Asker: 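Quick one: the structure is below, and I'll ask about it shortly.
Note that ligands are numbered from 1 as they come in the structure, with each ligand's atoms numbered from 1 the same way. All of these numbers come straight from a predicted model, not from anything done at the bench.
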Amino acid sequence: MKIKIAPSILSADFGNLNSDIKSIEKHVDLLHVDVMDGHFVDNLTIGPCVVKDIKTNLPIDVHLMISNPLKYAKEFAKFCDMISFHASLFSKNELKKAVEEIKKLNVKVGLALNPDDPLDLIIEVLDDIDYVLIMSVYAGFGGQKFISKVLSKVENLRIKYSFKKNIEMDGGINDFTIKKAKKAGANIFVAGSYIFKNKDRIEAIKKLRGVNS
Ligand code: DX5
Ligand code: ZN
């Protein structure tokens, strides 16, 4: 399965967002946008009006860490290609409906699980979604330490549930932790601080891909 690198703009310079994006654009596969509402998580970030002004040829992958994804997904969907939201917000019945509703917006739909959320939350909708986002830190902030216990969820998805679609791993990804995440079976890797806070961003991306220059 093809490996994809998705830099999270959370660690970019928001005052120079488009030039920061340009600095890595040719070397990566997706652009990960972390949306936080100060309610579902403590932190507060950006809304659709910022996503609208992002200039990039990369597919935009919006990760909603908000309490009411159904209310805002439509506006984000105008400016992005993928939307994930947190499965823990919904009961099992409601979750199926929520996935269907976001699918209608013509974007790829993903379900996100925080480190303590069990796979059980999403098993019944695996056929309906396009990807799973496994959080390897607690949603809310960049720069946290990778939590290894989440790797078993990736392994179970691949082996026990034969999940063949994309598994995105988000949080604490660096040149060391990405190896564990790949081994477990993830194929999209979100990296914020490791890329944007690195003096040599291109070299950092090469290291994530396992290429030494
Ligand atoms: C955390 C976000 C992540 C975060 C990753 O809530 O979902 O995307 O920005 O940042 P790093 O790579 O610094 O852990
Ligand atoms: Zn994220």
Asker: For atom 10 (O) of ligand 1, grab the closest protein heavy atom and report residue, atom and distance to one decimal in Å.
Answerer: G142 CA, 3.7 Å
Asker: For ligand 1, which atoms, with element, lie under 4.0 Å from some heavy atom of A191?
Answerer: 12 (O)
Asker: Need the ligand 1 atom indices (1-based, order shown) with element for anything under 4.0 Å from a heavy-atom of H32.
Answerer: 8 (O)
Asker: Classify the side-chain pair S67/H39 by whether it contains a donor and acceptor separated by less than 3.5 Å.
Answerer: yes
Asker: Please report, to 10°, the angle around the Zn ion (ligand 2) from atom OD2 (D170) across to atom ND1 (H63).
Answerer: 90°
Asker: Please examine the side chains of H32 and I5, heavy atoms only from C-beta on, and report whether any two atoms are closer than 4.5 Å.
Answerer: no
Asker: Verify the ring-centre separation between F176 and F146: is it less than 6.0 angstrom?
Answerer: no
Asker: Could you pull out the atom name of the N/O/S atom in D34 that is nearest the Zn ion (ligand 2)?
Answerer: OD1
Asker: Is M36 near ligand 1, meaning one of its heavy atoms is under 4.0 Å from it?
Answerer: yes
Asker: Within ligand 1, which atoms have a heavy atom of V190 less than 4.0 Å away?
Answerer: 8 (O)
Asker: Looking at G171, which atoms of ligand 1 are within less than 4.0 Å of one of its heavy atoms?
Answerer: 14 (O)
Asker: Does at least one non-hydrogen atom of F141 fall below 4.0 angstrom from an atom of ligand 1?
Answerer: yes
Asker: Starting from atom 6 (O) of ligand 1, what is the nearest protein heavy atom, named by residue and atom, and what distance separates them?
Answerer: G140 N, 2.7 Å
Asker: Any atoms of ligand 1 less than 4.0 Å from a non-hydrogen atom of G143? List them with their elements.
Answerer: 11 (P), 13 (O), 14 (O)
Asker: For ligand 1, which atoms sit closer than 4.0 Å to a heavy atom of D170?
Answerer: 2 (C), 3 (C), 4 (C), 5 (C), 7 (O), 8 (O)
